[in-house]
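Written out below as structure tokens is the structure these notes cover.
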Amino acid sequence: MEFEHVLVVGAGQMGGGIAQVVAASGRRVSLHDAAPGAVERGIDAIRKSLTKLAEKGGEDPDEVLSRIAPADDLVAADLMIEAIVENADVKRAIFGRADEVLPATAVLASNTSSIPITLLAAATSRPERVIGMHFFNPVPVLKLVEVIRGLETSDETTAAISALARDLGKTPAEARDLPGFVSNRILMPFINEAAYVLLEGVADPEAIDTIAKLGFAHPMGPLALADLIGLDTCVAIMEVLHEGLGNPKYAPCPLLRQYVQAGRLGRKSGRGFYTYA
Ligand code: CAA
Ligand code: NAD
């Protein structure tokens, strides 16, 4: 399986980063988003990131950007990487449409943080070619791709997506399709617990994050990390863990829910646990 032309669906922080690393590998990218102006904003963010990397000897930003074309709708490609909102119904609708638009030989991948790959695959007629290709934020910097096999994902699809991840300069690690896979089964309860610690008044946000940064040598504390990920995404992931594992310990912290209700989504809305310029 060769992936010369990749359709990235969703031009938010993850879709933009994915389009960037795929284009930087020399491949052609079509970038689609449903929200007006989102692709343009995504391309601006890609330009900023490429400019930082060019200062350190990376490729000319214009060269990489010339391989990314905005797309008004889904288009035929060898591979789709979906990176839209963490909502199972919305993702299933995209997988159903992609199954009609992309050739039968194409692979349909999702960057989902937690939604079952098997559920997305069931919205298509090619479940053996549906897979989780889970990048980490910020995509141009973090080296992991968690590769998630749905119930029907073939060995050939898994091998091709792992090879692509390596070709993008990432290290693939395989996980089974159980709620939260490996990464968010571990990370999200940590973030959720930090929100409970704040809610219960055990410490203020700065103290909570300082303890994780200096005490555990994490590059950033759990509340700053939640702001980077997006609090809406954190709540959506906790809901999948809660429902999928049936254990009350995974219930999203009420403070996280309240911030999302208030529109405090983290960095992307300018305010979450912290305020951003
Ligand atoms: N593009 C290009 N370069 C970037 C970049 C981007 N988007 N973001 C950061 N960088 C570069 C900076 O230019 C800087 O480079 P130099 O060291 O050469 O100067 C380097 O990365 C470090 O950045 P900063 O100096 O700005 O700040 P930092 O040292 O605090 O690093 C960070 C920022 C990379 C975000 C780091 O704090 C970090 O790794 N944090 C943890 C992130 C993490 O855990 N992500 C996973 C989230 S979970 C997830 O993604 C899965 C999910 O499903 C929710
Ligand atoms: P985001 O909010 O930054 O961007 C999502 C984009 O999807 C928006 O631009 C929105 O307009 C678009 N969109 C929504 N519905 C659409 C549709 N039907 N068709 C086309 N575009 C649509 O979100 P994000 O942080 O980039 O997350 C995207 C996905 O990546 C989610 O599944 C999330 O769980 C996953 N993920 C997020 C992170 C993270 O740290 N934020 C890390 C790994 C994986």
Side-chain angles (χ1 to χ4, degrees), residues 7-21 24 31-43 45-58 61 64 71-74 80-98 109-115 117 120 132-146 148 175 180-188 190-191 209 212-213 216-222 224-241 260 265-269 272:
L7 166 66
V8 176
V9 185
Q13 51 179 342
M14 294 306 291
I18 294 166
Q20 177 181 331
V21 298
L31 181 58
H32 168 69
D33 196 291
V39 169
E40 290 70 22
R41 285 193 295 279
I43 288 179
I46 295 171
R47 184 182 295 283
K48 280 196 192 112
S49 171
L50 287 170
T51 304
K52 271 190 208 174
L53 295 171
E55 283 160 10
K56 292 180 260 180
V64 179
D72 291 340
D73 202 349
L74 303 189
M80 171 183 79
I81 307 178
E82 167 277 313
I84 66 168
V85 61
E86 188 72 351
N87 175 298
D89 292 339
V90 183
K91 285 193 193 289
R92 275 176 61 87
I94 287 288
F95 273 75
R97 286 207 44 236
S110 177
N111 180 56
T112 179
S113 299
S114 60
I115 291 168
I117 300 305
L120 303 180
M133 187 174 196
H134 185 201
F135 291 83
F136 288 72
N137 185 8
V139 179
V141 179
L142 295 202
K143 296 292 178 204
L144 179 68
V145 171
E146 190 177 32
I148 304 113
F181 320 131
V182 173
S183 55
N184 282 312
R185 175 85 180 262
I186 296 171
L187 174 65
M188 235 8 98
F190 172 61
I191 287 176
D209 280 350
K213 275 197 295 185
F216 318 146
H218 288 191
M220 63 207 305
L225 182 56
D227 275 356
L228 174 71
I229 293 167
L231 304 191
D232 52 340
T233 302
C234 293
V235 169
I237 297 168
M238 286 308 297
E239 278 168 348
V240 170
L241 290 176
V260 172
L265 306 183
R267 284 196 198 194
K268 65 183 164 187
S269 72

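One-based numbering, in listed order, for ligands and for the atoms of each.
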Point to revise | atom 36 (N) of ligand 2: nearest protein contact (heavy atom, Å) | key: S113 OG, 3.2 Å
Review point. Using heavy atoms and a threshold below 4.0 Å, how should the contact between I115 and ligand 2 be classified: side chain, backbone, both, or neither?
Key: neither
Check your understanding: Do any heavy atoms of A83 fall under 4.0 Å from ligand 2?
Key -> yes
Exercise for review: Please check atom 50 (O) of ligand 1 for a protein heavy-atom neighbour under 4.0 Å.
Suggested key: yes
Practice item. Could you tell me whether some N/O pair between H32 and ligand 2 is separated by less than 3.5 angstrom? Key: no
Check your understanding: Is there a protein heavy atom at a distance of less than 4.0 Å from atom 31 (O) of ligand 1?
Key -> no
Review point. Hey, is atom 25 (O) of ligand 1 under 4.0 Å from any protein heavy atom?
Key: no
Check your understanding: For atom 6 (C) of ligand 1, which protein heavy atom lies nearest, and how many Å away is it?
Key -> S49 OG, 3.7 Å
**Study point:** atom 18 (O) of ligand 1 protein-contacted (non-hydrogen atom, under 4.0 angstrom)
**Key:** yes
Check your understanding: Between V139 and ligand 1, which residue portion shows a heavy-atom distance shorter than 4.0 Å: side chain, backbone, both, or neither?
Key -> neither
Review point. Hey, is atom 28 (P) of ligand 1 under 4.0 Å from any protein heavy atom?
Key: no
Check your understanding: So which heavy atom in the protein is nearest atom 36 (C) of ligand 1, and how far is it from that ligand atom?
Key -> P219 CB, 4.0 Å
Review point. Considering all protein heavy atoms, does one lie under 4.0 Å from atom 38 (C) of ligand 1?
Key: yes
Review point. Heavy-atom contact under 4.0 Å between K91 and ligand 2?
Key: yes
Revision key, fill the gap. Honestly, for L225 the part within reach of ligand 1 (heavy atoms, under 4.0 Å) is side chain
Review point. Does any N/O atom on A34 come nearer than 3.5 Å to any N/O atom on ligand 2?
Key: yes
**Study point:** Non-hydrogen protein atom less than 4.0 angstrom from atom 44 (O) of ligand 1
**Key:** yes
Exercise for review: Give a yes/no verdict on whether any heavy atom in H134 is under 4.0 Å from an atom of ligand 1.
Suggested key: yes
Exercise for review: Identify which of L144, L187, L50, V141 has a heavy atom lying nearest to atom 4 (C) of ligand 1.
Suggested key: V141
**Study point:** Any N/O pair K268/ligand 2 closer than 3.5 Å
**Key:** yes
Point to revise | Short N-O contact, D33 and R41, less than 4.0 angstrom | key: no
**Study point:** 4.0 Å protein heavy-atom contact status of atom 13 (O) of ligand 1, strictly under
**Key:** yes
Revision key, fill the gap. Nearest non-hydrogen contact to atom 16 (P) of ligand 1 from the set K56, M188, E146 belongs to K56
Exercise for review: Consider ligand 2: state whether an atom of it lies below 4.0 angstrom from any non-hydrogen atom of R41.
Suggested key: no
Point to revise | F135 N/O to ligand 2 N/O under 3.5 Å | key: no
